[in-house]
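Heads up, the thing below is written out as structure tokens.
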2 protein chains.
Amino acid sequence: MTLQSVAMQDGLGTLGCSLAPPDLSSVFSLQPVIEAAPGQALFWQGDDAKYVFQVEGGMLRALRLLADGRRVIVGFLHPGDLLGVSLKDRYLYTVEAITEVRLRRYPRRRFEDEVALQPHLRQQLFSKLCDEMTAAQDQAVLLSRRSADEKVANFLLLMANDRDAEPSAFVDLPMTRLDIADYLNMTIETVSRTITKFASKGIIVAPDRRSIIILKRHMLQSIADGDGCDFRSAPMSNGGRRAGFA
Amino acid sequence: MTLQSVAMQDGLGTLGCSLAPPDLSSVFSLQPVIEAAPGQALFWQGDDAKYVFQVEGGMLRALRLLADGRRVIVGFLHPGDLLGVSLKDRYLYTVEAITEVRLRRYPRRRFEDEVALQPHLRQQLFSKLCDEMTAAQDQAVLLSRRSADEKVANFLLLMANDRDAEPSAFVDLPMTRLDIADYLNMTIETVSRTITKFASKGIIVAPDRRSIIILKRHMLQSIADGDGCDFRSAPMSNGGRRAGFA
DNA sequence: CGTTATGTTGACATTAATCAAGCACGGTGG
DNA sequence: CCACCGTGCTTGATTAATGTCAACATAACG
């Protein structure tokens with residue numbers, strides 16, 4: 001089906017009518033549904049970027065493989081996220097399902113045309129791109145936390161706040177420890193030890209491997225922010241050092 | 001490179017058109033020139049994002065300050081890069097001059113209007129946003145390098161290749177060791193030691209503090225890629241571990 | 001059930017951070 | 001021109017943290 005037909009079915013824009021402006025989700029709503037089982041790859045780094053996807057349900061991981069075979073998780077995908085939007089002709093990373101997932105698929109070419117035609121969508125897409133960029137930068141900031149405690153605390157809070165209007169105390173962790181480790185640039189052992197440590201201090205409870213409950217959010221936040229808390233004696237880190245410029 | 005915003009190299013693209021449609025640089029060419037001395041800030045994280053800038057000459061650093069006062073360098077800005085392009089109303093980080101710099105300034109509102117009106121500019125901006133996102137991810141990948149050697153080697157190669165069509169053996173390092181350290185998430189001591197080590201192995205020469213010359217690019221590349229090289233006995237790192245999924 | 005993936009815990013080794021001192025360069029002023 | 005700082009950089013000794021290796025526990029799966 002052509003773009004135009006899609007557009008008209010959505011009742012939008014090209015006609016200038018004042019009906020509900022289309023959002024990105026509505027563009028995808030008529031597209032084929034893709035389902036994938038845990039571990040299944042949607043596409044691989046380097047593949048021809050033929051499609052754009054929108055996540056409807058479940059969680060996925062985006063990862064890059066380094067020359068020496070190491071794995072870097074560049075992000076976790078949640079419902080609403082777009083995958084494969086780029087001007088490159090090849091996917092920049094591999095995307096694999098963590099849980100059972102459901103997505104909508106849209107041919108990339110047509111998606112681009114569609115977006116080009118509709119200012120509304122363009123605006124939304126731009127906004128999403130900015131969000132993604134911020135997320136990418138946030139990961140860089142996260143990775144530059146000093147201690148394992150800080151990284152894990154940040155990660156848990158990130159997962160707790162993600163997408164939920166109300167940051168919940170119950171946090172779903174469908175990804176494996178290896179995923180977390182490769183996201184935080186640590187080893188699975190250190191991840192495990194750190195979570196155990198938080199639990200033993202009563203900051204969290206870990207009823208099973210794929211979830212945790214945050215009991216003392218403020219403490220977790222302190223650790224995440226690198227505050228001395230009861231861990232270190234507030235060594236000021238490198239607080240004194242600044243570039244000498246005024 | 002990596003900014004909230006967009007760091008983009010200019011000038012490219014638009015090819016294919018005989019009639020030279022306006023490109024981003026030409027949009028800036030009539031705007032007021034801003035000059036800044038080393039150490040001077042263009043704007044601070046949290047400031048009202050009133051302007052978009054394009055770098056014409058010199059180098060700057062974009063940095064974020066963490067709650068505990070730590071400094072994270074999220075990117076170095078080169079000629080052609082844009083700063084401040086974003087949907088947010090406030091700058092997401094501070095930008096300071098490293099060398100003497102010259103920029104063009106454009107009111108953000110007008111810039112957005114301009115871009116909205118001209119499909120050509122829109123396309124360019126979108127393209128740069130994507131590049132920018134890639135850059136942000138690249139930093140995350142860089143930060144998740146295991147050893148100090150790998151990080152510094154990658155950094156030197158990055159600086160060597162940056163923007164230059166021909167990767168030069170002479171690399172300019174106008175930033176301080178502290179800047180490098182805060183970019184790579186290391187201490188100045190380790191940065192210094194690593195550079196010294198490379199020099200003592202004959203991989204590079206460091207005639208003065210603000211520049212180095214790469215003598216054995218292939219070796220530097222091997223180290224950057226985490227190859228055993230003559231450093232470690234190719235321990236396969238965690239090459240064996242992969243998610244168990246096919 | 002037995003078998004395989006995944007996660008936890010422990011002992012040890014290694015790396016990079018920390019603390020501390022000294023060096024080198026660039027400016028300033030005598 | 002040279003002594004004199006101040007800043008940034010280098011180098012060394014020590015320590016603390018995390019990676020590594022290994023064993024075991026637990027859940028997942030046929």
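Proteins come first, then strands; the chains are lettered A, B, ... in the order of their sequence lines, and each starts at number 1.
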- Nearest-angstrom distance from the residue atom NZ of A:Lys151 to C1' of D:dT18: 10 Å

- Can you name the residues that form a side chain to side chain donor-acceptor pair (under 3.5 Å) with A:Glu56, not counting sequence neighbours? A:Arg102, A:Arg104

- Bending between helix ends of the helix from C:dC1-D:dG30 to C:dG30-D:dC1 [5 pairs per end, 10° resolution]: 40°

- Output yes when at least one side-chain N/O atom of A:Thr196 is less than 4.0 Å from OP1 or OP2 of C:dT9, else no. yes

- Task: Calculate the interatomic distance between B:Asp182 atom CG and C:dA17 atom C1'; express it in whole Å.
- Result: 14 Å

- Taking OP1 and OP2 of D:dT10, is either one under 4.0 Å from a side-chain nitrogen or oxygen of B:Ser192? yes

- Do NZ/NE/NH1/NH2 and the carboxylate oxygens of B:Arg90 and B:Asp48 come within less than 4.0 Å? yes

For nucleotides 25-30 of chain D, which of its nitrogen or oxygen atoms have a protein nitrogen or oxygen under 3.5 Å away, and what is each distance?
residue, atom, partner, partner atom, Å
D:dA27, O4', A:Arg209, NH1, 3.2

- Message: If I take atom CZ in residue A:Arg146 and atom P in nucleotide C:dT15, what distance separates them, rounded to the nearest angstrom?
- Response: 20 Å

- Item | Presence of donor-acceptor pair under 3.5 Å, side chain of A:Arg193 and base of D:dT20 | yes

- Test: A:Asp138 and B:Arg64 ion pair at under 4.0 Å: yes

- Decide, yes or no, whether a salt bridge links B:Arg61 with B:Asp182 under the criterion of side-chain N to carboxylate O below 4.0 Å. no

- Message: If I take atom CD1 in residue B:Ile188 and atom C1' in nucleotide C:dA21, what distance separates them, rounded to the nearest angstrom?
- Response: 14 Å

- Message: I need the CE-P distance between A:Met186 and C:dT8, as an integer number of Å.
- Response: 12 Å

- CD1 of A:Ile180 versus C1' of C:dT8: gap in Å, rounded? 14 Å

- Task: State whether the side chain of A:Thr99 and the backbone N or O of A:Met59 hold a donor-acceptor pair below 3.5 Å, judged by distance alone.
- Result: yes

- Query: Any salt bridge between B:Asp68 and B:Arg70, counting N to O under 4.0 Å?
  - Reply: yes

- Query: Which nucleotide, C:dT18, D:dT18, C:dA17, lies nearest any side-chain atom of B:Glu189?
  - Reply: C:dT18

- Message: With a cut-off of less than 4.0 Å, is there a side-chain N or O of A:Thr176 near OP1 or OP2 of C:dT6?
- Response: no

- Query: Separation of B:Arg177 atom CZ from C:dC25 atom C1', in whole Å?
  - Reply: 13 Å

- Test side chain to side chain contact (heavy atoms under 4.5 Å, CB included) applied to B:Pro32 - qualifying residues, sequence neighbours left out: B:Arg105

- Sequence neighbours excluded, the answer for side chain to side chain donor-acceptor pair (under 3.5 Å) partners of A:Thr190 is A:Thr187

- Query: Which whole-number value in Å describes the distance from A:Ile195 CD1 to C:dT6 P?
  - Reply: 16 Å

- Can you name the side chain to side chain donor-acceptor pair (under 3.5 Å) partners of A:Lys88, sequence neighbours left out? B:Asp131

